[in-house]
2 protein chains.
Amino acid sequence: MTARHEQVADDLRRLIVAGTFAIGDRLPPETRLAVQYGVSTPTLREALEVLRAEGLIAKYQGRGNFVRRPSERLTYPGPPKAERVTVSSTDATATGVLAVRLGLPEGAPLTAYVCLSHRDDSRQSLTHVYVPRTAAPLTVASPWGDDLVTAAAGVPVATSNDQVTARFPTTAEAQSLRIGTRTPVLAIERTFTTADGRHVAYALLVLPGDRAEVVLITRLDTDQEAQQ
Amino acid sequence: MTARHEQVADDLRRLIVAGTFAIGDRLPPETRLAVQYGVSTPTLREALEVLRAEGLIAKYQGRGNFVRRPSERLTYPGPPKAERVTVSSTDATATGVLAVRLGLPEGAPLTAYVCLSHRDDSRQSLTHVYVPRTAAPLTVASPWGDDLVTAAAGVPVATSNDQVTARFPTTAEAQSLRIGTRTPVLAIERTFTTADGRHVAYALLVLPGDRAEVVLITRLDTDQEAQQ
DNA sequence: CAGTGGTCTAGACCACGCG
DNA sequence: GCGTGGTCTAGACCACTGT
């Protein structure tokens with residue numbers, strides 16, 4: 001009682017790991033694969049969606065489906081492996097959840113930074129950083145936003161509290177990261193806190209689920225880290 | 001140029017947060033909603049899939065779509081909020097990645113535990129724990145597997161290394177958690193290590209992306225936690 | 001331009017839940 | 001049995017890519 005698209009995905013996965021389709025190869029067009037497997041095109045696309053979520057293939061509109069190089073996974077937090085990070089900044093105001101997270105009054109002036117990290121023409125991460133607006137000039141940044149926050153906050157930043165969830169990307173996020181709207185992403189909401197307990201920055205990281213993972217190390221014999 | 005199913009999702013989301021559809025309410029049948037919005041049923045189902053990934057609604061086959069109670073999110077790691085945890089155990093052998101992770105020879109005897117945590121008739125987490133086979137009798141367990149590991153390992157467990165990824169559930173996982181196969185999940189691979197550096201247990205946690213989040217707290221002024 | 005994926009249609013049939 | 005969601009079909013049209 002396995003679904004048809006799962007059967008197709010299983011067979012294609014077998015062909016890929018067996019090397020019948022080598023790394024970097026383009027798969028046959030979806031229409032032809034659909035005919036070969038005797039399924040309709042939406043069903044075959046479901047199968048490819050599964051493989052894409054596993055990071056086995058990448059789709060490029062107008063070009064085709066390609067076998068991905070394995071273990072291209074980036075880890076968060078960790079040394080950024082991006083080749084380039086492009087940053088842009090705009091003025092914004094604290095509204096709704098943003099004001100709550102930063103402990104600021106509604107409408108307070110903010111500066112919003114957008115960091116997009118690349119590597120080998122592959123988008124790695126999309127980060128939005130929100131800090132209270134200051135005159136601080138900001139130049140370079142890490143893909144996770146740490147540099148921006150330490151530079152923007154006048155005082156040292158002590159801890160960051162990260163909430164990691166799995167969801168689908170918004171259309172804007174999918175376009176920025178060049179992933180499908182049905183590819184799961186890791187969404188990380190970071191709240192930066194100073195030693196005296198003030199929240200000084202908020203960041204939203206979006207990492208493609210097919211090429212990123214979050215690593216956390218817990219000491220079990222000591223006390224567990226406190227929850228938010 | 002927004003996709004049709006995104007427009008429909010936006011409108012339904014608006015109706016839900018506005019309270020037109022109250023918490024616990026059943027939405028109209030998908031066929032009727034499709035007619036109302038002037039879209040086909042697959043398109044409308046795509047819209048509902050988006051809302052389900054956001055945790056706004058829950059689907060039950062044969063019954064309908066229901067508005068979920070918000071902030072039902074469980075956090076990992078953290079105090080388990082499950083009402084019940086059902087555990088079953090079977091014998092297994094270390095094969096492939098399992099042997100590598102545990103540092104055991106291929107074919108070594110293991111005991112596999114499956115923990116399923118519930119709460120209010122809602123599946124919360126599915127955990128597979130693999131430990132070297134011993135005669136240790138194991139009774140109760142936390143949903144994250146910690147209790148099982150500390151009981152099974154003869155020596156104290158010092159740290160756990162967790163790798164968090166976002167992906168789709170397997171059909172078996174989806175059935176166990178009673179979620180759709182297209183609902184993103186947080187998959188956490190835990191490796192338990194003793195103070196002398198031996199890997200003594202391996203666990204795979206699957207948390208529904210629409211009701212779970214991983215929380216990690218990082219101290220920025222001290223040295224970053226070492227990566228694996 | 002031709003080929004590719006992105007999205008959508010208007011149905012169909014099956015499995016499940018409940019009365 | 002009836003209504004529900006789960007899955008699939010066999011197309012269609014558009015947008016994007018590279019020549």
Side-chain angles (χ1 to χ4, degrees), chain A residues 1-10 12 21 25-53 57-68 121 168-183, chain B residues 1-10 12 25-53 57-68 121 168-183 210:
Chain A
M1 205 33 236
T2 315
R4 301 282 284 117
H5 69 259
E6 289 287 350
Q7 297 176 21
V8 175
D10 290 345
L12 285 171
F21 294 122
D25 276 7
R26 194 187 68 188
L27 266 54
E30 301 186 346
T31 49
R32 197 190 311 168
L33 284 175
V35 173
Q36 287 180 11
Y37 282 106
V39 298
S40 64
T41 43
T43 302
L44 186 113
R45 303 186 92 256
E46 275 295 286
L48 293 181
E49 204 63 46
V50 173
L51 300 180
R52 182 156 71 160
I57 63 171
K59 317 192 72 157
Y60 302 98
Q61 178 165 163
R63 290 205 283 150
N65 296 280
F66 294 82
V67 179
R68 286 255 317 270
D121 293 332
F168 290 130
T170 66
T171 46
E173 290 165 353
Q175 284 177 2
S176 293
L177 291 169
R178 298 214 192 291
I179 59 176
T181 51
R182 298 268 79 83
T183 299
Chain B
M1 203 37 236
T2 315
R4 300 285 283 116
H5 70 258
E6 290 286 352
Q7 297 176 20
V8 175
D10 290 345
L12 285 172
D25 276 6
R26 194 187 68 189
L27 267 54
E30 302 185 346
T31 48
R32 197 189 312 169
L33 284 175
V35 173
Q36 286 180 11
Y37 282 106
V39 299
S40 65
T41 42
T43 301
L44 186 113
R45 302 185 95 255
E46 275 295 287
L48 293 181
E49 204 63 45
V50 173
L51 300 181
R52 181 154 72 159
I57 63 171
K59 317 192 70 156
Y60 301 99
Q61 180 167 158
R63 290 205 281 149
N65 295 281
F66 294 81
V67 179
R68 286 255 316 269
D121 294 331
F168 289 130
T170 66
T171 45
E173 289 165 354
Q175 284 177 1
S176 293
L177 291 170
R178 298 216 192 289
I179 59 175
T181 51
R182 297 269 79 81
T183 298
D210 60 2

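All values below were derived from every heavy atom in this structure, side-chain atoms included, with hydrogens, water molecules and symmetry-related copies excluded. Letters A, B, ... mirror the listed sequences (proteins, then strands); counts begin at 1. Note that the structure is a prediction, hence the values are computed from the model and not measured.
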With sequence neighbours left out, what residues match A:Thr43 under side-chain hydrogen bond (donor to acceptor under 3.5 Å, both in side chains)?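 By the side-chain hydrogen bond (donor to acceptor under 3.5 Å, both in side chains) rule, A:Thr43 matches A:Ser40.
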
Residues forming a side-chain hydrogen bond (donor to acceptor under 3.5 Å, both in side chains) with B:Glu49, sequence neighbours excluded: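 For B:Glu49 the side-chain hydrogen bond (donor to acceptor under 3.5 Å, both in side chains) partners, ignoring immediate neighbours, are B:Arg52.
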
Residues in side chain to side chain contact (heavy atoms under 4.5 Å, CB included) contact with [X], at least two apart in sequence or another chain:
X: A:Glu46; value: A:His5, B:Arg182
X: A:Arg26; value: A:Phe66
X: A:Gln36; value: A:Arg32, A:Leu33

Close approaches to DNA chain C from residues 42-51 of chain A, in residue order (heavy atom, under 4.0 Å):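 Of all residues in residues 42-51 of chain A, the ones placing a heavy atom under 4.0 Å from DNA chain C are A:Pro42, A:Arg45.
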
In terms of side-chain heavy atoms of A:Arg26, which of C:dC8, C:dT4, D:dA10 is nearest?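 The nucleotide sitting nearest to the side chain is C:dT4.
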
Counting heavy atoms from C-beta on, name the nucleotide in D:dT9, D:dT4, C:dC8 closest to the side chain of A:Val39.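 Out of D:dT9, D:dT4, C:dC8, the nucleotide with an atom closest to A:Val39's side chain is D:dT9.
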
Partner of B:Leu44 by side chain to side chain contact (heavy atoms under 4.5 Å, CB included), out of B:Val39, B:Thr31, B:Val35: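 One option only clears the test, and that one is B:Val39.
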
Suppose we screen for salt bridge (Lys or Arg N to Asp or Glu O under 4.0 Å). Which residues come up paired with B:Arg4, at least two apart in sequence or across chains?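 Checked B:Arg4 against salt bridge (Lys or Arg N to Asp or Glu O under 4.0 Å); zero matches.
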
Run the salt bridge (Lys or Arg N to Asp or Glu O under 4.0 Å) test against A:Asp10 and tell me which residues pass, sequence neighbours left out.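 Listed in chain order: A:Arg13.
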
Nearest-Å distance for atom pair CD/C1', residues B:Gln7 and C:dC8: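 For the pair B:Gln7 CD and C:dC8 C1', the rounded distance is 12 Å.
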
Angle of first-five versus last-five pair axes in the helix from C:dC1-D:dG18 to C:dC18-D:dG1, to 10 degrees: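 About 20°, once rounded to a multiple of 10°.
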
Measure across A:Ala9 and A:Leu51 and return the closest heavy-atom pair with its distance rounded to 0.1 Å.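 Minimum heavy-atom separation between A:Ala9 and A:Leu51: O-CD2, 3.7 Å.
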
For residues B:Pro169 and B:Gly180, report the shortest heavy-atom separation together with the two atoms involved.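 Scanning both residues, the minimum pair turns out to be CG-O, 3.6 Å.
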
Strictly below 4.0 Å, heavy-atom distances to any atom of DNA chain D: list the hits from residues 27-35 of chain B, or just say none.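 Residues of residues 27-35 of chain B under 4.0 Å from DNA chain D: B:Pro29, B:Glu30.
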
Do any N or O atoms of the protein come closer than 3.5 Å to N or O atoms of nucleotides 17-19 of chain D, and which pairs are they?
none

Pairs where residues 168-177 of chain B contributes a residue and the test salt bridge (Lys or Arg N to Asp or Glu O under 4.0 Å) is met, not counting sequence neighbours: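 The answer is B:Arg167-B:Glu173.
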
Given side chain to side chain contact (heavy atoms under 4.5 Å, CB included), test B:Asp210 with B:Arg68 step by step and report yes or no. CA-CA 10 Å; B:Asp210 60 2; B:Arg68 286 255 316 269; 3.6 Å; yes

Are the side chains of A:Leu12 and A:Leu48 in touch, meaning some heavy atoms are under 4.5 Å apart?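 Contact flag for A:Leu12/A:Leu48 side chains = yes.
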
